[in-house]
Q: 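Just dropping this structure here.
Counting begins at 1 with the first residue of the sequence. These numbers were taken from a predicted model, which means no experiment stands behind them.
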Amino acid sequence: MADEISVKLATSDDAEKVLSFLRATATESNAVLVPHLNEISEKTEAKNIDMINQFDDCVILLAMLGEEVVGMVTVMVLEHQPTTGELGVVVRKKYWRNGIGRLLVDEAEYWFNTYSSLENLVLTVFEDNFPAISLYQQLDFVKTGTAIEQGRKVIQMKYSPKETK
């Protein structure tokens, strides 16, 4: 299936699709944590996407199956660590285990290594999300610690390729 997927940079024209995608995935999994998601307007989301695209330390990439958003990866700079980006990956449930998450993480790593000004790429994943943890480990993320987020234990991981940036 991953060979049928195209990956594109999100633009303000994608705001409606991005919001619909996020709202749908929030009902499919308890791993999608976007505060105030139902309060964000299409206009606001379009402005957010435009703003993100102005910086070389943030990115939103969409996995598209035709005109449908089936996955999304984001890298957002951490507020108190301006040289560190946090990776977030979401795939529609009906497309899980089809290589889309791997494709998106690969694309994010390529962007990080080629285009970004960031020094570090990190993520958190719920400790019971074994498929995601395995994927991240296969793609050069290593465990750096644990924490509690919204009452649930998460594993903190850092991108640590064989040849560092």
Q: Mind checking ring-ring contact (aromatic ring centres under 6.0 Å, His included) for F141 and listing every partner two or more places apart, or none if nothing turns up?
A: Y136, Y159
Q: Could you tell me whether a side-chain N or O of T27 sits under 3.5 Å from a main-chain N or O of A24, the two making a donor and an acceptor?
A: yes
Q: Strictly by side-chain hydrogen bond (donor to acceptor under 3.5 Å, both in side chains), give each pair with a member in residues 58-78 just once, sequence neighbours left out.
A: K17-E67, E68-Y95
Q: Find the distance between CG (L62) and CZ (F21) and round it off to the nearest 0.5 Å.
A: 8.0 Å
Q: Counting N and O atoms only, with roles assigned by atom type, does the side chain of N48 sit under 3.5 Å from a partner on the main chain of A46, one being a donor and the other an acceptor?
A: no
Q: In the structure I gave you, are the side-chain heavy atoms of D106 and Y110 within less than 4.5 Å of one another anywhere?
A: no
Q: Is the shortest side-chain heavy-atom distance between I5 and M64 below 4.5 Å?
A: no
Q: Nearest 0.5 angstrom please: E127 CD to Q156 CD, how far?
A: 12.0 Å
Q: Quick one: does V18's side chain get under 4.5 Å of I49's, heavy atoms only?
A: yes
Q: Please enumerate all residues that pass side chain to side chain donor-acceptor pair (under 3.5 Å) together with K8, with sequence neighbours excluded.
A: D14
Q: Side chain to side chain donor-acceptor pair (under 3.5 Å) with S41: which residues, sequence neighbours excluded?
A: T44
Q: Roughly how far, to the nearest 0.5 Å, is the CZ atom of R152 from the CG atom of N129?
A: 8.5 Å
Q: Between T83 and N120, does the side-chain contact (heavy atoms from CB on, under 4.5 Å) criterion hold? Intermediate values first, please.
A: CA-CA 6 Å; T83 61; N120 300 296; 4.3 Å; yes
Q: For L65 and E4, what are the C-alpha separation, side-chain angles and deciding distance, and is it a side-chain contact (heavy atoms from CB on, under 4.5 Å)?
A: CA-CA 7 Å; L65 181 59; E4 301 171 40; 4.0 Å; yes
Q: What residue pairs, at least two apart or across chains, pass salt bridge (charged side-chain N to carboxylate O under 4.0 Å, His left out) with a residue in residues 129-139?
A: none
Q: Kindly write out the residues that satisfy salt bridge (Lys or Arg N to Asp or Glu O under 4.0 Å) with D140, not counting sequence neighbours, or none if the list is empty.
A: K162
Q: Answer whether the closest heavy-atom distance between the side chains of L121 and V75 falls below 4.5 Å.
A: yes
Q: Can you name the closest pair of heavy atoms from G101 and L135 and give their distance?
A: C-CD2, 3.8 Å
Q: Are the side chains of L61 and M72 in touch, meaning some heavy atoms are under 4.5 Å apart?
A: no
Q: Could you state whether V142 and V105 fall into the same hydrophobic cluster, counting links through intermediate Ile, Leu, Val, Met, Phe, Trp or Tyr residues with side-chain heavy atoms under 4.5 angstrom apart?
A: no
Q: Going from CD1 on I40 to CG on L22, what distance comes out if it is rounded to the nearest 0.5 angstrom?
A: 8.0 Å
Q: Minimum heavy-atom separation for R97 and P131, please, with both atom names.
A: NH2-CG, 3.1 Å
Q: Under the criterion side chain to side chain donor-acceptor pair (under 3.5 Å), I'd like the reasoning laid out for E16 against S20: C-alpha separation, chi angles, the key distance, then a yes or no.
A: CA-CA 6 Å; E16 180 182 4; S20 294; 5.2 Å; no
Q: With sequence neighbours excluded, give me every side-chain hydrogen bond (donor to acceptor under 3.5 Å, both in side chains) pair touching residues 51-63.
A: D56-S117
Q: Other hydrophobic cluster members with F55, side-chain heavy atoms of Ile/Leu/Val/Met/Phe/Trp/Tyr under 4.5 Å, chained?
A: M51
Q: Tell me, do L9 and V59 make a side-chain contact under 4.5 Å, heavy atoms counted?
A: yes
Q: With distance as the sole test, does T114 use its side chain to make a donor-acceptor pair with the main-chain N or O of W111 at under 3.5 Å?
A: no
Q: Scan for salt bridge (charged side-chain N to carboxylate O under 4.0 Å, His left out) pairs involving residues 42-51, sequence neighbours excluded, and state none if there are none.
A: none
Q: Applying side-chain contact (heavy atoms from CB on, under 4.5 Å), can you list everything that pairs with P82, at least two apart in sequence or on another chain?
A: none
Q: Would you indicate whether E79, at its atom CD, is surrounded by more than 12 heavy atoms from other residues, nucleotides or ligands within a distance under 6.0 Å?
A: no
Q: What side-chain donor-acceptor pairs closer than 3.5 Å can you find for residues 85-93, not counting sequence neighbours?
A:
from: R92; atom 1: NE; to: E28; atom 2: OE1; distance (Å): 3.4
from: R92; atom 1: NE; to: E28; atom 2: OE2; distance (Å): 2.8
from: R92; atom 1: NH2; to: E28; atom 2: OE2; distance (Å): 2.7

Q: Is the shortest heavy-atom distance from the side chain of V154 to the side chain of V125 under 4.5 Å?
A: no
Q: Could you list who else is in V122's hydrophobic cluster, with ILVMFWY side chains joined at under 4.5 Å, directly or through other members?
A: L78
Q: What is the distance from atom CG of L139 to atom CZ of R102, rounded to the nearest 0.5 Å?
A: 5.0 Å
